[in-house]
Amino acid sequence: KVSTTMTAGLAAMGTGAIAATKYFSDLGGEWQEATNQVASSTGAAGKELESLRGAMERVYADNFGEDVADVADAVALVDRNLANLDQEGLTKATEGALALRDAFEYEVEESTRAAEAIRKNFGTSVEDAFSLIAAGAQNGLDYSGELIDTINEYSSQFSKLGFTADGMFNLLQSGADSTAWNLDKVGDAIKEFSIRAIDGSDTTVSAFEDLGYSAEKIMATFAAGGEGANTAFFEVLNTLMDVDDQVKRDALGVSLFGTMWEDLGVEAMQAMADASTAAYDTQGALEQINSVRYNDLESAMQGVKRQAEGILWTIGEQLEPYILDGLNFLSATVIPNVQTAVEKLGGYVQSNVIPTIKTAAQWI
């Protein structure tokens, strides 16, 4: 009985160790598969791949993404679409993209391209780029389903006219809040003006001169870009809106904005003329989106589970070789030796102790 009990106990210890080792192995295998996917889709290796893996672990522990594979796909897309990000920037960008996906159903691929357009054209940080997109969506800029496409297509045109990222969003907001029936028209109006303002055509020259400007000087100002071009844009637009003769104003408007002048209408153009150049109020949009992720028990428990997995994986990765060595030692040495010793003890008791006890009992 002693032999059987001790052997069973040691076997149970071995089974528990095997189960723990399998858990760590499965968890490690899942992460390794995800890491391999990132490596193959980005071409990263060495230190670069370590940085991507670090971002994956952080994003997963922060409770973003559906699972490890989903996080890996998102990190890979962010790495491809957003240039020159360090691990911290990559983490923030991935979390921002996943937050936008969860809140507004923007795919990671499209939101990261929009964020990169903002970064490239306005020199904005990746965090601010995602915050602007999130705030714009919350403020109704996607009313026509064109916010992401408008950012991608027209950011460069806004930049040519000296707009900042905040200025672009303020002007888009002014159009959305007025009579513009879709956001693309607002962006297209800026595109038309940025082209016509420097093309030197007879219609452009005539329009500028009719508004009281030196065509040569004002076109040079727009060609130079920057703050001067942005100031000139609003001056020209306000001057145009002040023309009393409606027929003349519309003709000049078409000369400078093309058919977008007619498509948007006077009310929308006036709203654009009155647009603020101050910072666009993001109101902590991303932080607000992320904060509600933990408003239910299931999400909170999932977050705790992921953090625990990260700790256990780190421990398991370090302990796995020792666990394997222990299992081998237990299987090859401890269990057989203990079993042999107990069996010998049992034989000695059976052959010597029990007969002696029986003799003593008979004598008594």
Side-chain angles (χ1 to χ4, degrees), residues 100-101 103-107 110-111 113-115 117-118 121-122 129 131-197 203-204 207 211 230 233-278 280-283 285:
L100 290 179
R101 186 187 70 181
F104 307 110
E105 299 184 353
Y106 298 150
E107 292 300 327
E110 60 183 5
S111 68
R113 286 177 178 171
I118 295 172
N121 288 296
F122 305 109
S131 292
L132 285 166
I133 296 170
Q138 286 185 334
N139 292 336
L141 283 187
D142 205 19
Y143 67 100
S144 58
E146 297 171 316
L147 174 58
I148 297 296
D149 289 340
T150 297
I151 294 170
N152 284 330
E153 184 172 357
Y154 299 114
S155 289
S156 61
Q157 306 300 331
F158 278 91
S159 179
K160 287 178 183 178
L161 290 177
F163 280 84
T164 63
D166 291 294
M168 178 179 75
F169 272 81
N170 278 320
L171 191 133
L172 292 174
Q173 191 71 56
S174 71
D177 291 343
S178 62
T179 58
W181 58 276
N182 65 30
L183 198 67
D184 178 79
K185 294 294 183 183
V186 179
D188 208 1
I190 297 298
K191 175 185 176 181
E192 288 294 325
F193 185 88
S194 69
I195 295 171
R196 293 166 185 263
T203 54
T204 298
L211 290 172
N230 194 240
F233 169 78
F234 284 104
E235 286 182 354
V236 169
L237 183 53
N238 277 290
T239 301
L240 179 58
M241 299 306 301
D242 288 340
V243 174
D244 293 329
D245 186 333
Q246 182 177 341
V247 174
K248 181 179 180 181
R249 181 185 60 197
D250 288 343
L252 293 173
V254 171
S255 294
L256 295 176
F257 289 91
T259 58
M260 292 303 104
W261 176 268
E262 298 170 334
D263 289 348
L264 284 170
V266 174
E267 185 176 337
M269 297 304 297
Q270 182 62 63
M272 291 167 59
D274 296 335
S276 170
T277 57
Y280 187 74
D281 188 4
T282 59
Q283 303 173 356

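Note that the structure is a prediction, hence the values are computed from the model and not measured.
Looking at every heavy atom in both residues, Ser111 comes nearest to Leu100 through CB-CD1, 4.0 Å. The minimum heavy-atom distance linking Phe122 with Thr164 is given by the pair CD2-C, 3.6 Å. Here the closest non-hydrogen pair linking Thr239 and Leu211 is CG2-O, 3.7 Å. Across Ala137 and Leu147, no two heavy atoms sit closer than the pair N-CD2, 3.8 Å. Annotation for Ala180 and Val186: closest pair CB-CG2, 3.8 Å, computed over non-hydrogen atoms. Glu146 approaches Asn182 most closely through the heavy-atom pair OE1-CB, 3.1 Å.
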Side-chain atoms of residues 170-177: list all donor-acceptor pairs with protein atoms under 3.5 Å, sequence neighbours left out, distances to 0.1 Å.
from: Asn170; atom 1: ND2; to: Asp166; atom 2: O; distance (Å): 3.2
from: Asn170; atom 1: ND2; to: Ser276; atom 2: O; distance (Å): 3.4
from: Asn170; atom 1: ND2; to: Ala278; atom 2: O; distance (Å): 2.6
from: Gln173; atom 1: OE1; to: Tyr280; atom 2: OH; distance (Å): 2.5
from: Gln173; atom 1: NE2; to: Asn139; atom 2: O; distance (Å): 3.1
from: Gln173; atom 1: NE2; to: Asp177; atom 2: OD1; distance (Å): 3.1
from: Ser174; atom 1: OG; to: Leu171; atom 2: O; distance (Å): 2.5

For residues 253-261, please give each side-chain donor-acceptor pair under 3.5 Å, one per line with the distance, not counting sequence neighbours.
from: Ser255; atom 1: OG; to: Ala251; atom 2: O; distance (Å): 3.1
from: Trp261; atom 1: NE1; to: Asp250; atom 2: OD1; distance (Å): 3.0

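Looking at heavy atoms from C-beta onward, Arg249 lies out of side-chain contact with Asp242 at the 4.5 angstrom threshold. Proximity of Val266 to Met241: side-chain heavy atoms (C-beta onward) are separated by under 4.5 Å at one or more points.
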Check your understanding: Going through the distances and angles, do Ile151 and Ile118 end up as a side-chain contact (heavy atoms from CB on, under 4.5 Å)?
Key -> CA-CA 7 Å; Ile151 294 170; Ile118 295 172; 3.7 Å; yes

Point to revise | Derivation and outcome, side-chain hydrogen bond (donor to acceptor under 3.5 Å, both in side chains), residues Ser194 and Gln157 | key: CA-CA 6 Å; Ser194 69; Gln157 306 300 331; 2.7 Å; yes

**Study point:** Criterion side-chain contact (heavy atoms from CB on, under 4.5 Å) on Ile148 and Asp142, from CA distance to verdict
**Key:** CA-CA 8 Å; Ile148 297 296; Asp142 205 19; 5.8 Å; no

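We find the CG-CD distance between Leu264 and Gln270 to be 13.0 Å, quoted to the nearest 0.5 Å. Atom CE of Met168 and atom OG1 of Thr150 lie 9.0 Å apart (nearest 0.5 Å). A distance of 12.5 Å separates CD1 of Ile190 from OG of Ser159, quoted to the nearest 0.5 Å. To the nearest 0.5 Å, atoms OG (Ser131) and CD (Gln138) are separated by 10.0 Å. Rounding to the nearest 0.5 Å gives a distance of 9.0 Å between NZ of Lys191 and NZ of Lys160. Taken from CD in Glu192 to CG in Asp263, the straight-line distance is 10.0 Å, to the nearest 0.5 Å.
In terms of the ring-ring contact (aromatic ring centres under 6.0 Å, His included) criterion, residue partners of Phe163 (sequence neighbours excluded) are, by chain and number, Phe158, Phe233, Phe234.
A salt bridge does not link Glu105 with Arg101: none of the charged nitrogens is closer than 4.0 Å to a carboxylate oxygen.
Checked by atom type and distance alone, the side chain of Glu110 pairs as donor or acceptor with a backbone atom of Glu107 at under 3.5 Å. The closest donor-acceptor contact from the side chain of Thr204 to the backbone of Arg196 lies under 3.5 Å. No donor-acceptor pair under 3.5 Å is formed between the side chain of Asp188 and the backbone N or O of Asp184.
Side chains of Tyr154 and Asp149: no donor on one and acceptor on the other come within 3.5 Å.
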